[in-house]
> 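Input: one structure, supplied below.
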Amino acid sequence: YGDVSHAGGKISTPNLDKIRAQGMRFTDAHTTSSVCTPTRYGILTGRYNWRSRLKKSVLFPPDLSIMDPARKTIAGFLKDRGYRTCVVGKWHLGVTMATTDGKNQGPDNVDYQKAISDGPNDVGFDESFILPASLDMYPYAFLRNQRWVGRVTAQKGWSAFNRVGPAAEDFEDDKVLDTFSTEAESFLARRAVEKNKPFFLYFALTAPHTPTSPGSAFRGKSRLGLYGDFLMETDDCVGR
């Protein structure tokens with residue numbers, strides 16, 4: 001409320017407004033937990049978040065996954081029924097990272113040459129391109145089908161929480177939304193070729209969560225500061 005234009009905001013959000021105009025707008029919504037990890041758990045599993053080990057708050061890397069591979073997710077349910085399933089975006093449900101010393105994963109011992117486990121491809125997704133947690137939590141690197149993208153040898157951080165940690169050399173916070181949108185477009189284009197093949201895309205943006213990092217094409221566009229610019233870019237991702 002107060003951000004998107006159809007809910008009283010002063011920022012242009014034509015694509016989000018179009019969803020409202022052509023769909024439904026719910027004005028009395030509730031959640032068992034108003035933060036992101038438990039909400040994502042509920043969306044993907046259909047279960048109350050407190051039935052997992054996470055009763056409140058969110059995961060912080062190096063926390064392990066709260067997903068149970070033995071339980072069906074919406075992706076696994078649809079995959080069993082012939083759907084091609086894909087997740088693009090923020091995961092933040094925990095993963096298991098290979099380590100260089102055989103000990104529990106931490107900021108200094110992850111082996112970025114090896115694939116992760118207990119990730120989206122283990123719970124029903126055919127394809128995945130994700131950020132393992134939040135854009136203000138390291139490691140700052142993408143995972144494609146549970147393998148790290150790029151050389152994770154840098155130290156970076158953008159958050160107000162001063163979370164500096166391992167990052168891919170070419171990873172930049174203000175390019176994440178465009179990268180996610182391009183990946184989603186690529187999946188949709190491939191699905192369009194198979195016209196009779198159903199698909200499911202779970203597209204989980206990092207925006208407008210912190211860090212407030214609009215891309216260069218959107219800086220100054222809203223005339224209402226960085227958050228306004230970031231919201232306009234988020235709306236553009238929806239339009240794409």
Side-chain angles (χ1 to χ4, degrees), residues 36-47 49 51-54 58-100 102 104-106 109-135 137-152 166-168 171 176-177 179-194 197-206 237:
C36 72
T37 300
T39 305
R40 291 162 198 277
Y41 178 84
I43 288 171
L44 288 178
T45 66
R47 306 180 81 216
N49 66 278
R51 293 194 186 279
S52 76
R53 75 168 193 277
L54 188 74
V58 301
L59 294 183
F60 286 87
D63 289 342
L64 299 176
S65 175
I66 61 170
M67 304 293 282
D68 180 357
R71 283 192 173 275
K72 277 279 189 287
T73 62
I74 186 173
F77 174 83
L78 292 172
K79 183 176 179 178
D80 288 347
R81 284 152 181 80
Y83 282 69
R84 183 73 177 179
T85 58
C86 177
V87 53
V88 173
K90 177 180 174 180
W91 184 242
H92 208 176
L93 290 161
V95 298
T96 299
M97 306 176 194
T99 59
T100 55
N104 292 338
Q105 61 199 38
N109 68 341
V110 172
D111 187 343
Y112 294 102
Q113 301 296 316
K114 295 182 179 177
I116 63 147
S117 56
D118 300 319
N121 295 73
D122 298 308
V123 292
F125 287 99
D126 294 305
E127 302 177 35
S128 64
F129 185 88
I130 63 167
L131 193 65
S134 181
L135 187 50
M137 296 177 182
Y138 55 79
Y140 305 110
F142 297 118
L143 284 157
R144 184 187 298 281
N145 295 325
Q146 307 197 169
R147 299 200 72 92
W148 298 100
V149 176
R151 288 168 45 84
V152 187
F171 188 94
V176 168
L177 292 187
T179 300
F180 281 157
S181 297
T182 300
E183 288 290 330
E185 288 171 326
S186 175
F187 174 77
L188 293 172
R190 295 195 304 275
R191 293 304 95 214
V193 175
E194 299 184 47
K197 176 80 171 178
F199 65 86
F200 170 65
L201 171 63
Y202 171 46
F203 185 47
L205 289 171
T206 52
C237 291

> If I compare all heavy atoms of L64 with all of R53, which pair ends up nearest, and what's the gap?
O-NH2, 2.7 Å

> For the CZ atom on R71, are there more than 12 heavy atoms of other groups (residues, nucleotides or ligands in this structure) within a distance under 6.0 Å?
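Not more than 12 within 6.0 Å, no.
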
> Between F187 and E183, is there a side-chain heavy-atom distance shorter than 4.5 Å?
no

> Contact between L188 and F199 at the side-chain level, heavy atoms closer than 4.5 Å - yes or no?
yes

> Is any side-chain heavy atom of L93 closer than 4.5 Å to one of L44?
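They are in side-chain contact.
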
> Which pair of heavy atoms, one from T37 and one from L59, lies closest together, and at what distance?
OG1-N, 3.3 Å

> Can you find a heavy atom in the side chain of Q146 that is under 4.5 Å from one in the side chain of P120?
yes

> Can you tell me if Y83 has over 12 outside heavy atoms packed within less than 6.0 Å of its OH?
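No.
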
> Measuring from N104:CG to D63:CG, what's the distance to the nearest 0.5 Å?
11.0 Å

> Looking only at heavy atoms, which two atoms of S65 and G94 are closest? And how far apart?
CB-O, 3.4 Å

> Indicate the atoms forming the closest heavy-atom contact of G119 with W91, along with that distance.
C-CZ2, 4.2 Å

> Could I get the full list of side-chain hydrogen bond (donor to acceptor under 3.5 Å, both in side chains) partners for E127, not counting sequence neighbours?
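Residues passing side-chain hydrogen bond (donor to acceptor under 3.5 Å, both in side chains) with E127: R84, R190.
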
> For I66, does its backbone N or O pair with a side-chain atom of S52 as donor and acceptor, under 3.5 Å?
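No, because the side chain of S52 does not come within donor-acceptor range (under 3.5 Å) of the backbone of I66.
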
> Checking R147 side chain against Q113 main chain: does a donor-acceptor pair fall under 3.5 Å?
yes

> Mind checking the SG-OH spacing from C36 to Y41? Nearest 0.5 Å is all I need.
15.5 Å

> Please name the pair of heavy atoms, one in D80 and one in K72, separated by the smallest distance, quoted to 0.1 Å.
OD2-CE, 2.6 Å

> Which value, rounded to the nearest 0.5 Å, describes the distance between N145 atom CG and I130 atom CD1?
9.5 Å

> Taking only residues two or more places apart in sequence or in another chain, which ones pass side chain to side chain contact (heavy atoms under 4.5 Å, CB included) with T206?
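Partners of T206 by the side chain to side chain contact (heavy atoms under 4.5 Å, CB included) criterion, ordered by chain and then number, come out as K90, L131, L135, V176, L177, F180.
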
> Would you say the side chain of V110 lies within less than 4.5 Å of the side chain of P166, judging by non-hydrogen atoms?
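With C-beta onward as the side chain, the pair stays apart.
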
> Of all the heavy-atom pairs spanning V149 and F129, show the shortest one and how long it is.
CG2-CE1, 4.3 Å

> Checking K114 side chain against W148 main chain: does a donor-acceptor pair fall under 3.5 Å?
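It does not hold such a pair.
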
> Can any side-chain N or O of Q105 pair as donor or acceptor with the backbone N or O of V95 at less than 3.5 Å?
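Yes; at least one donor-acceptor contact below 3.5 Å.
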
> Determine whether P132 and L143 make a side-chain contact, defined as any pair of heavy atoms from C-beta on separated by less than 4.5 Å.
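P132 reaches L143 side chain to side chain.
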
> For side chain to side chain contact (heavy atoms under 4.5 Å, CB included), just list the numbers for M137 and V58, CA-CA rounded to whole Å, side-chain angles, deciding distance to a tenth of an Å, and then say yes or no.
CA-CA 11 Å; M137 296 177 182; V58 301; 4.2 Å; yes

> Can you find a pair of side-chain heavy atoms, one from T45 and one from M67, that are under 4.5 Å apart?
yes

> Between T100 and D111, does any side-chain donor sit less than 3.5 Å from a side-chain acceptor?
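Short answer, no.
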
> For the pair T85 (side chain) and G124 (backbone), establish whether a donor and an acceptor sit closer than 3.5 Å, ignoring hydrogens and angles.
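Confirmed, T85 side chain pairs with G124 backbone.
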
> So, S128 and N121: side-chain donor and acceptor under 3.5 Å apart, yes or no?
yes

> Classify the ring geometry between F200 and Y202 as parallel (under 30°), tilted (30 to 60°) or perpendicular (over 60°).
parallel

